[in-house]
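Note that the structure is predicted; figures quoted are calculated from it, not measured. These values consider heavy atoms only, across backbone and side chains, with no hydrogens, waters or symmetry-generated copies. Within every chain, numbering begins at 1; the chains are lettered A, B, ... in the order of the sequence lines, protein sequences first and strands thereafter.
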Number of protein chains: 2
Amino acid sequence: MSLRFATLGLLARSPGSGYDLLRRFERSMANVWPATQSQLYGELGRLERDGLIEIVDEGARGRKVYDATESGRAALREWLTKESDTTPRSARLLRVFLLPEADPDAAREFFRREEQHAERDLSHLEEILRTNDWADTDHDFGRIALEYGLRFHTMEIEWARWAQKRLGT
Amino acid sequence: MSLRFATLGLLARSPGSGYDLLRRFERSMANVWPATQSQLYGELGRLERDGLIEIVDEGARGRKVYDATESGRAALREWLTKESDTTPRSARLLRVFLLPEADPDAAREFFRREEQHAERDLSHLEEILRTNDWADTDHDFGRIALEYGLRFHTMEIEWARWAQKRLGT
DNA sequence: GCGGACATGTAAGAAGTTACATGATTAG
DNA sequence: CTAATCATGTAACTTCTTACATGTCCGC
């Protein structure tokens with residue numbers, strides 16, 4: 001369901017074509033809920049069929065501009081309000097659980113790489129924090145999501161160091 | 001691929017039937033990589049077809065006991081060593097991004113619930129930390145995974161409070 | 001006129017979920 | 001004998017990925 005509401009949510013913010021949406025997905029949701037072109041066009045068809053979005057304009061090259069309908073906006077608000085249920089899978093923790101099946105060197109190497117990876121991710125987000133202008137209240141939620149990323153990667157770094165220490169590197 | 005290696009990894013630790021594996025998934029991997037019965041039996045068939053596991057015993061009620069083959073163990077070690085690539089999707093952050101589409105009260109309520117949810121999860125893990133015996137080195141990686149959970153939920157709580165403060169609750 | 005960006009669509013397959021279906025064994 | 005547990009399998013459907021396919025418009 002998430003792709004459905006990601007698409008609907010972007011359209012609720014402002015109308016656009018599948019092509020537009022695809023670039024919006026790449027720019028703003030790549031690290032949160034990536035979508036492929038193939039998936040997106042399929043979802044747009046289904047959203048329109050269900051009356052949650054509608055075509056508000058048609059342009060050159062078969063371009064179809066969609067906008068969220070009132071019913072779509074209501075469905076979005078409802079989805080935002082209700083609790084989520086599914087346990088997110090973690091390929092990282094799965095590896096940690098299975099690490100005893102590899103040799104001790106592989107384990108140490110694993111956490112060393114986790115640390116480095118998290119450091120790269122963190123500096124990438126710190127760069128975004130530095131270069132963006134966060135005065136605008138429209139960006140407030142983007143700032144909150146960014147804060148999540150900053151804290152998350154910081155935690156990852158500390159955890160990976162803790163694990164290495166515990167394993168006696 | 002993850003389910004494949006989760007299954008293989010559990011079998012590499014000790015042999016078992018599909019039914020056994022299912023309970024092991026429920027007990028030890030429910031929060032990391034859940035698997036349904038339907039998925040598991042299918043995967044066992046494919047793993048055997050590919051020579052990564054083999055039937056080492058057959059018992060009552062059609063019970064088939066599988067064990068990892070040498071080729072399977074090698075494949076597992078290789079998978080544990082190479083880097084993962086896919087970005088994990090985050091339904092939580094997706095909601096945060098779309099929250100401006102709901103009213104301000106919904107946003108505050110969202111973070112309040114995030115905080116409570118994380119608090120429950122954290123105390124659940126703290127309970128596990130208290131009740132388990134962590135002296136055994138076989139449990140070391142379980143302890144490291146647990147530490148991840150503890151730090152993760154602590155971070156979530158702090159983040160949710162930070163967000164509420166920022167939104168002016 | 002031609003290359004690059006614009007624009008949409010479909011097909012095949014892997015992975016995951018839910019539900020259905022069937023039967024054997026054992027403990028009480 | 002009968003209910004619970006053991007035990008495996010299949011079918012239908014959704015979601016996601018990768019690749020293929022096709023055509024238009026604009027700037028140089």
For B:W79 and B:F5, take the angle between the two ring planes, folded into 0 to 90°, and tell me which bin it lands in: parallel under 30, tilted 30 to 60, perpendicular over 60.
parallel
Within this structure, what is the CG-to-C1' distance between B:L21 and D:dT8, rounded to whole angstrom?
13 Å
Specify the separation, in whole Å, of atom CG of B:D57 and atom P of D:dA7.
11 Å
Quick test of your reading of the model: are B:E158 and B:R161 salt-bridged, counting only N-O distances below 4.0 Å?
no
Would B:H124 and B:E127 count as having a side-chain donor-acceptor pair, cut-off 3.5 Å?
no
Summary of ring pair (Phe, Tyr, Trp, His ring centres under 6.0 Å) pairs that have at least one residue in residues 34-77 of chain A, sequence neighbours excluded
none
My understanding is that only one of A:R61, A:E58, A:R63 makes a side-chain hydrogen bond (donor to acceptor under 3.5 Å, both in side chains) with A:S17; could you say which?
A:R63
Between C:dT25 and B:R61, is there an OP1 or OP2 to side-chain N/O distance shorter than 4.0 Å?
no
Determine yes or no for a side-chain-to-main-chain donor-acceptor pair under 3.5 angstrom, with B:R77 supplying the side chain and A:D103 the backbone.
no
How many Å lie between CG on B:L40 and P on D:dA7, as a whole number?
13 Å
Rounded interatomic separation in angstrom, taking CG from A:L22 and C1' from D:dT17:
14 Å
Round to a whole Å and report the spacing from CZ of B:R63 to P of D:dT8.
7 Å
Any side-chain to backbone donor/acceptor pair from B:S28 onto B:F25? Under 3.5 Å, distance only.
no
Answer with yes or no after comparing the ring centroid distance for A:F111 and A:W159 against a 6.0 Å cut-off, counting only values under it.
yes
Can you tell me how far C1' of D:dC25 sits from OH of A:Y19, to the nearest Å?
12 Å
Answer yes or no: is there an ion pair linking A:D67 with A:R73, defined by an N-O contact shorter than 4.0 Å?
yes
Over how many whole Å does the gap from B:E26 atom CD to D:dT5 atom P extend?
13 Å
Using nucleotides 9-18 of chain C, report all nitrogen or oxygen pairs with the protein that are shorter than 3.5 Å.
from	atom 1	to	atom 2	distance (Å)
C:dG9	OP1	A:K64	NZ	2.7
C:dG9	N7	A:Q37	NE2	2.9
C:dG9	O6	A:Q37	OE1	3.2
C:dG9	O6	A:Q37	NE2	3.2
C:dT10	O4	A:S38	OG	3.3
C:dA11	N6	A:S38	OG	2.9
C:dA15	OP1	B:M1	N	3.1
C:dG16	OP2	B:Q39	NE2	2.8
C:dG16	O5'	B:Q39	NE2	3.2
C:dT17	OP1	A:R89	NH1	3.2
C:dT17	OP1	A:R89	NH2	3.3
C:dT17	OP2	A:R89	NH2	2.9
C:dT17	OP2	B:Q39	OE1	3.4
C:dT18	O4	B:S38	OG	2.8

Distance check needed: D:dT17 C1' versus A:F25 CZ, whole Å only.
15 Å
End axis versus end axis in the helix from C:dG1-D:dC28 to C:dG28-D:dC1, the angle rounded to 10°, five pairs used at each terminus:
10°
